[in-house]
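Notes follow the structure.
Counting begins at 1 with the first residue of the sequence. The structure displayed is predicted, hence computed values, not measured ones. When a ligand or atom number is given, it counts from 1 through the structure's own listing order.
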Amino acid sequence: MRHLITLADLSPGELERILSIAEDLKNKFEAGLRETILPGRVMAMLFEKQSLRTRVSFAAGMAHLGGSAMYLGDEAGFFGRRETMADFGRVLGELVDVVVVRAKKHQTVVDLAEHCTCSVVNGLTDEAHPCQAIADLFTLRELFGKLAGHTLAWIGDGNNVAKSLARGCGKVGMRMVMATPEGYRFDKAFLARLKKEVPNLDLTVTDNPVEAVREAVAVYTDVWASMGQEAEQERRRQDLANYQVNAKLMSHAQKGTVFLHCLPARRGEEVTDDVLDGPQSVVVQQAGNRLHAQKGILAWLLGAQR
Ligand code: CP
Ligand code: NVA
């Protein structure tokens with residue numbers, strides 16, 4: 001049984017396969033064809049935090065592929081622990097083919113996967129957002145072709161999205177430069193895991209955003225306070241104030257460098273309107289590609305196009 005909890009679950013070849021399935025399905029979709037390669041397959045969705053992109057792109061993607069999606073709200077009892085994780089997982093696995101789960105704690109997704117007899121996909125935890133990173137690599141591949149050798153600049157908090165991108169960059173041979181202040185960088189335990197999972201990752205960490213964007217083909221940022229960190233909002237706003245992606249910072253990047261953001265954004269904090277809405281911004285294409293990436297993930301996981 002294959003799960004997608006973090007990008008460490010995929011070999012570079014498997015990641016490449018997902019990206020190429022997604023590309024094929026996107027080309028067909030744009031030609032007006034929705035290939036129903038997963039007829040009768042059923043996906044359950046459990047979300048403990050808010051979502052627009054992840055929830056809708058998975059549900060729409062599954063519909064395009066001929067399967068169906070069901071959203072399990074509070075009344076399913078998962079997050080309220082109406083029954084044990086083991087009972088919930090074993091039973092759900094009998095009923096559906098795949099479960100997408102967004103949880104506050106990473107361990108919740110790990111535990112569900114341990115007991116579930118169907119595939120489990122991480123739809124975001126505090127530690128990882130693998131589906132986002134796959135869509136981002138897909139977008140960069142679309143824009144720049146081969147990814148190996150290019151540099152991605154991450155500006156700001158070393159959060160769940162940054163962690164997944166680090167793994168993703170390592171798998172595809174992209175260099176990652178993080179401009180992140182002390183206290184917001186990857187911790188020692190994560191760095192040790194990263195070294196094991198993606199030994200070839202070329203990661204540089206700096207406190208200078210200008211230095212980070214200079215050689216980058218893509219400049220990426222995310223909110224300074226992720227979901228669940230609302231109480232730290234003010235402190236984070238102060239600590240990360242020098243890490244805003246604005247027109248001045250983008251002026252140090254090369255011509256042709258694009259701006260990425262997983263969204264939702266807090267305009268005027270981590271990114272200014274002129275960058276988010278400006279000519280270098282590809283955030284809408286990036287968000288739209290969540291659909292195609294999810295289709296690649298589902299088709300690969302459910303074995304329709306290995
Ligand atoms: N980028 C992303 O995952 O968006 P949602 O939180 O809306 O799903
Ligand atoms: N880092 C953000 C990503 C949202 C898609 C969060 O976890 O809230």
Side-chain angles (χ1 to χ4, degrees), residues 4-7 22 43 45-62 69 71-73 79 99-109 121-140 152 154-168 176 178 180 183-187 190 218-233 235-237 239-240 243-245 259-267 269-271 276 281-298:
L4 177 55
I5 312 294
T6 76
L7 287 184
M43 175 175 65
M45 308 175 80
L46 293 160
F47 279 68
E48 196 179 11
K49 295 179 176 183
Q50 291 180 317
S51 173
L52 169 66
R53 283 144 285 264
T54 307
R55 179 177 169 177
V56 177
S57 58
F58 263 113
M62 193 53 153
Y71 184 80
L72 301 180
F79 296 110
V99 183
V100 176
V101 54
R102 171 169 289 194
K104 289 181 183 164
K105 291 202 179 87
H106 188 73
Q107 195 58 38
T108 303
V109 178
V121 176
N122 180 355
L124 181 147
T125 62
D126 47 357
E127 276 297 306
H129 198 2
C131 302
Q132 178 69 52
I134 290 173
D136 298 338
L137 295 172
F138 180 79
T139 302
L140 292 172
L152 174 94
W154 177 271
I155 313 293
D157 186 24
N159 65 12
N160 45 4
V161 175
K163 286 177 174 169
S164 289
L165 283 169
R167 287 183 170 112
M176 182 161 165
M178 287 182 80
T180 303
Y184 294 89
R185 296 178 179 172
F186 295 159
D187 61 32
F190 179 73
V219 174
Y220 201 129
T221 192
D222 186 14
V223 289
W224 290 338
S226 286
M227 290 182 279
Q229 296 174 330
E230 290 79 7
E232 300 171 22
Q233 180 82 47
R235 182 167 59 77
R236 287 171 165 269
R237 203 178 279 144
D239 293 349
L240 289 151
Y243 294 79
Q244 184 185 67
V245 180
F259 172 72
L260 295 168
H261 193 307
C262 57
L263 302 179
R266 285 187 77 111
R267 290 168 175 265
E269 289 195 10
E270 77 277 3
V271 60
L276 197 61
S281 175
V282 293
V283 298
V284 175
Q285 177 183 350
Q286 181 189 2
N289 278 337
R290 297 293 307 275
L291 173 69
H292 308 292
Q294 317 298 32
K295 288 166 74 172
I297 293 165
L298 289 170

Q. Taking both backbone and side-chain atoms of R102, is any N or O found less than 3.5 Å from an N or O belonging to ligand 2?
A. no
Q.
I'd like to know if the side chain of R290 reaches the main chain of S57, judged simply by a donor and an acceptor atom lying under 3.5 Å from each other, with no hydrogens or angles considered.
A. no
**Q.** Counterpart residues, ring-ring contact (aromatic ring centres under 6.0 Å, His included), relative to F58 (two or more places apart)
**A.** none
(Q) Looking at K105 and D126, is there a salt bridge between them, counting it only when a charged N and a carboxylate O are closer than 4.0 Å? (A) no
Q.
Give me the nearest non-hydrogen protein atom to atom 4 (C) of ligand 2 as residue plus atom name, then the distance to 0.1 Å.
A. L124 CD1, 3.8 Å
Q. Should S226 and N160 count as side-chain neighbours, where that means a heavy-atom distance under 4.5 Å?
A. yes
Q) Which is it for L124 and ligand 1 at heavy atoms under 4.0 Å: side chain, backbone, both or neither? A) neither
Q: Please examine the side chains of V219 and I155, heavy atoms only from C-beta on, and report whether any two atoms are closer than 4.5 Å.
A: yes
Q) atom 7 (O) of ligand 1: which protein heavy atom is closest, and how many Å away? A) L52 N, 2.6 Å
(Q) Using a plain distance cutoff, I'd like to know if P264 has any nitrogen or oxygen under 3.5 Å from a nitrogen or oxygen of ligand 2. (A) no
Q) Polar-atom distance check: P264 versus ligand 1, any N or O pair below 3.5 Å? A) no
Q: Pick whichever of D157, T125, V223, D222 has a heavy atom sitting closest to atom 3 (C) of ligand 2.
A: D222
Q.
Are the side chains of R53 and L263 in contact, using a 4.5 Å heavy-atom criterion?
A. yes
**Q.** Any W224 side-chain heavy atom under 4.5 Å of R237 side chain
**A.** yes
Q | Heavy-atom proximity to atom 7 (O) of ligand 2, best of N160, T54, N159 | A | N160
Q. At what distance is the nearest protein heavy atom to atom 8 (O) of ligand 2, and which residue and atom is it?
A. M227 N, 2.8 Å
Q.
In the structure I gave you, are the side-chain heavy atoms of V99 and V121 within less than 4.5 Å of one another anywhere?
A. no
Q | H129 near ligand 1 by a heavy-atom separation under 4.0 Å | A | yes
Q) To which of M227, R53, R102, Q132 does the heavy atom nearest atom 6 (O) of ligand 1 belong? A) R102
Q: Pick, from V56, V283, L263, N160, the option with the minimum heavy-atom distance to atom 1 (N) of ligand 1.
A: L263
Q) Taking all non-hydrogen atoms of both residues, which atom of I5 and which atom of A128 are closest, and how far apart? A) O-CB, 4.1 Å
**Q.** Enumerated ligand 1 atoms positioned under 4.0 Å from heavy atoms of R290
**A.** 1 (N), 2 (C), 3 (O)
Q. Any N/O of K49 closer than 3.5 Å to an N/O of ligand 2?
A. no
(Q) Counting only nitrogen or oxygen atoms and a 3.5 angstrom limit, does R55 reach ligand 1? (A) no
Q) For Q107, what residues pass the side-chain contact (heavy atoms from CB on, under 4.5 Å) criterion, not counting sequence neighbours? A) V110, D111
Q. Side chain, backbone, both or neither: which part of L263 comes within less than 4.0 Å of ligand 2 when only heavy atoms are counted?
A. backbone
